[in-house]
Number of protein chains: 2
Amino acid sequence: MRLSLRGEYALRAMLALGQRYGSEVVRIRDVAAEQRIPKRFLEQILNDLKDARVVESRRGVQGGYRLARAPELISLAEVIRHIDGPLAPVSCVSERFYEPCSCPDESRCGLRSIMREVRDAISKQLEGVTVADLCARSASLQVGKEGPSMDFAI
Amino acid sequence: MRLSLRGEYALRAMLALGQRYGSEVVRIRDVAAEQRIPKRFLEQILNDLKDARVVESRRGVQGGYRLARAPELISLAEVIRHIDGPLAPVSCVSERFYEPCSCPDESRCGLRSIMREVRDAISKQLEGVTVADLCARSASLQVGKEGPSMDFAI
DNA sequence: GTAATCTTGATTCAATCAGTGGTCAATCTA
DNA sequence: TAGATTGACCACTGATTGAATCAAGATTAC
């Protein structure tokens, strides 16, 4: 049930780009430094996200990356699907990456029916959260850094 | 977000053993044939489940495996954790397999806070479902095989 | 004792993951 | 406008993990 490191880095990069949405492009090296991601590895990941039309790039001096759409229009589910593949725990219940499994009768498989519910739960969470939400959540956590009103966190 | 094949086989084996709970031990080869799992691979998996005290075995002629407890007392979450490790998508939100991640400040990480919700959703699903539930679900799906009352499934 | 079954460890094979070295395009500078 | 510099781009490698197999050994029933 794991998200790959690659997928985690992708999401952290989206956060970094989301926080700077509206300004100019951001260099890979800056994202890498801020999020403590290996720079060369991040290059690949952002490149993949470009193929997915989630980010866009500019080359050369003053080049860099930025979101291709408003942060409200990018769900975490979309990012993960492009980087890591299906959200579903087993691919016989995946909607976009369906593949048959080896069980005797898929249509009457009790496990499959349960796994479909797990997929729905995961999907509901990740489909409903956008990069904008991620940025907002991050910002609200940062507030506690200076402000004293973090009773809720104790 | 995937369950490994190993984990899937483990759950299918639990289903097979659950359906025969109460009777004598079941041979690996029978479970393998019924569930279409490579026999040699299944040997490994059942052996791991024995270490987890989820199944118990008997050697020699007329040997085999059976559940070590009533099916109502074995959750799918327990099986998966023993075979595949953490349910959590990233290990910095795992309760039993916690490991720090590389992000700048874990306690104020927006992504982490979202991933914790995903873990809770997954955990809620899998913790709440037992091997008994799995068998019951499977049985109710099998009913439709002969009976005509499967309107709900259309 | 012999056949059937689990037990254990090593081993193969392939796929995926994480990371790296060099190439190409845009901008800046002289 | 030539050349240097910067930063994205592409192809590849090395290591790890996952799935599966092989080959003995141990235990029990008959």
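In what follows, every chain begins at residue 1, and chains take the letters A, B, ... in the order their sequences are listed.
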Polar contact flag, side-chain donor to acceptor under 3.5 angstrom, B:Arg27-B:Gln62: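 Looking only at side-chain atoms, B:Gln62 and B:Arg27 do not form any donor-acceptor pair under 3.5 Å.
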Test item: side-chain donor near acceptor, A:Arg12 and B:Ser102, under 3.5 Å: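 Looking only at side-chain atoms, B:Ser102 and A:Arg12 do form a donor-acceptor pair, the distance falling under 3.5 Å.
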Start and end of chain A contact along DNA chain C [non-hydrogen atoms, under 4.0 Å]: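 In short, chain A contacts DNA chain C from C:dA18 to C:dC28.
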Euclidean distance, atom CD1 of residue A:Ile28 to atom C1' of D:dC10 [Å, nearest integer]: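 Between C1' of D:dC10 and CD1 of A:Ile28: 13 Å.
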Atom pair distance, as rounded to whole Å: CD in B:Glu24 and P in D:dA29: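 Whole-Å distance recorded here is 11 Å.
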Donor-acceptor under 3.5 Å (B:Arg112 side chain, B:Cys92 main chain):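 Indeed, once roles are kept as given, a pair shorter than 3.5 Å links the two residues.
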Side chain A:Arg20, main chain A:Ala16, donor-acceptor under 3.5 Å: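 Here the side-chain-to-backbone pair exists.
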Contact summary for A:Pro71 and A:Tyr21, nearest pair of heavy atoms: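 Heavy atoms only, the tightest pair is CD-CD2, 3.4 Å.
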Shortest non-hydrogen contact from B:Gly7 toward B:Asp84: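 Where B:Gly7 meets B:Asp84 most closely, the heavy atoms are N-OD1, 3.9 Å.
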Contact nearer the 5' end of DNA chain C, comparing B:Leu46 with A:Ile83: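 It is B:Leu46 whose nearest nucleotide is closer to the 5' end.
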Of B:Arg58 and A:Gly60, the one whose closest DNA chain C nucleotide lies more 5':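 Per heavy-atom nearest nucleotide, the more 5' residue is B:Arg58.
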B:Arg69 atom CZ, over 12 foreign heavy atoms within 6.0 Å: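 Counting other residues, nucleotides and ligands, CZ of B:Arg69 exceeds 12 neighbours.
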Ionic contact status for B:Arg81 with B:Glu127, cut-off 4.0 Å: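 Counted as a salt bridge, because a side-chain N and a carboxylate O are separated by less than 4.0 Å.
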Per-nucleotide protein contact string for nucleotides 13-24 of chain D, where B marks a base within reach and S marks sugar-phosphate only (heavy atoms under 4.0 Å, - for neither): ------SBBBB-
